[in-house]
Amino acid sequence: MTTPPYPPGYPQGPGYPQGVSDKSKVVAGILGILLGTFGAGRFYMGHTKIGVLQLVVSLVTCGFGALWGLIDGILILVNGGVDGQGRPLRD
């Protein structure tokens, strides 16, 4: 059995079954910071359930749920994250 070819520089192995995501962690983090109230960073990453949950929490708490999006965006910028398919976000 042969392993699928990966472009040079892409992480491989069991933790990275499909390579690196085409989504950027910088874009996801900025969207989370600026538009976290609407779950934009999570929608961009492909996590639609969490994005909808962020939107609902922000609406129910009259905007105080936007703090979740702000913190989430900062954590994505610092630690990175994964897209909806489990691939790590590119830098």
Side-chain angles (χ1 to χ4, degrees):
M1 180 174 195
T2 61
T3 57
Y6 291 96
Y10 275 34
Q12 301 175 24
Y16 304 102
Q18 301 143 348
V20 177
S21 176
D22 57 341
K23 307 291 185 188
S24 167
K25 78 174 186 180
V26 173
V27 173
I30 297 295
L31 284 172
I33 291 171
L34 297 179
L35 299 172
T37 305
F38 307 109
R42 288 297 180 161
F43 283 122
Y44 170 75
M45 292 169 49
H47 299 287
T48 54
K49 290 179 184 176
I50 297 174
V52 169
L53 190 60
Q54 281 183 330
L55 178 61
V56 169
V57 167
S58 293
L59 291 175
V60 169
T61 62
C62 298
F64 287 108
L67 189 59
W68 178 12
L70 175 70
I71 293 170
D72 194 31
I74 292 170
L75 288 175
I76 290 169
L77 285 174
V78 172
N79 297 330
V82 295
D83 67 2
Q85 297 174 349
R87 300 176 299 181
L89 298 174
R90 66 179 167 85
D91 290 332

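Small disclaimer: the values here were computed from a predicted structure and weren't measured. Throughout, residue positions are numbered sequentially from 1 according to the sequence presented.
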Legend entry - Heavy-atom closest pair, residues P88 and G19: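 Closest approach of P88 to G19: CD-O, 3.6 Å.
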Inset, instruction - Return the minimal non-hydrogen interatomic distance between V27 and Y44, and the atom names on each side. - result: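 Between these two residues, the closest heavy atoms are CG1-CZ, 3.7 Å.
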Legend entry - side-chain contact (heavy atoms from CB on, under 4.5 Å) partner of I76, chosen from L31, V26, L89, I71: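 Answer after filtering L31, V26, L89, I71: L89.
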Inset, instruction - Scan for salt bridge (Lys or Arg N to Asp or Glu O under 4.0 Å) pairs involving residues 51-66, sequence neighbours excluded, and state none if there are none. - result: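 The answer is none; no pair qualifies.
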Legend entry - Minimum heavy-atom distance between A66 and T37, given as atom pair plus value: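 Between these two residues, the closest heavy atoms are CB-OG1, 3.0 Å.
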Legend entry - Test item: H47 side-chain N/O and V82 main-chain N/O as donor-acceptor pair under 3.5 Å: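 Flag set: sc H47 to bb V82 pair under 3.5 Å.
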Inset, instruction - Sequence neighbours left out, what passes salt bridge (Lys or Arg N to Asp or Glu O under 4.0 Å) with K23? Give chain and number order. - result: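 Not a single residue meets the salt bridge (Lys or Arg N to Asp or Glu O under 4.0 Å) criterion with K23.
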Legend entry - Cluster check I74, L77: I/L/V/M/F/W/Y, side chain < 4.5 angstrom: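 Both belong to a single hydrophobic cluster.
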Legend entry - Side-chain heavy atoms of L70 within contact of L67, under 4.5 Å: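 Heavy-atom side-chain distance check passes, below 4.5 Å.
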Legend entry - I50 versus W68, closest heavy-atom pair with distance: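 Residues I50 and W68, closest heavy atoms: CG2-CZ2, 4.1 Å.
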Legend entry - Check ion pair K25-D91 (N to O, under 4.0 angstrom):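 Here K25 pairs with D91 in a salt bridge, since their nearest N and O are under 4.0 Å apart.
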Legend entry - Cluster overlap I33 with V78, hydrophobic side-chain contacts below 4.5 Å: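 Per the 4.5 Å side-chain linkage, I33 and V78 are co-clustered.
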Legend entry - Pairs flagged by salt bridge (Lys or Arg N to Asp or Glu O under 4.0 Å) wherever residues 37-60 is involved - sequence neighbours left out: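 Pairs touching residues 37-60 that pass the test: R42-D72.
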Inset, instruction - Write down the atom of F38, the atom of F43, and the distance for their closest heavy-atom approach. - result: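 Looks like O-CE1, 3.3 Å.
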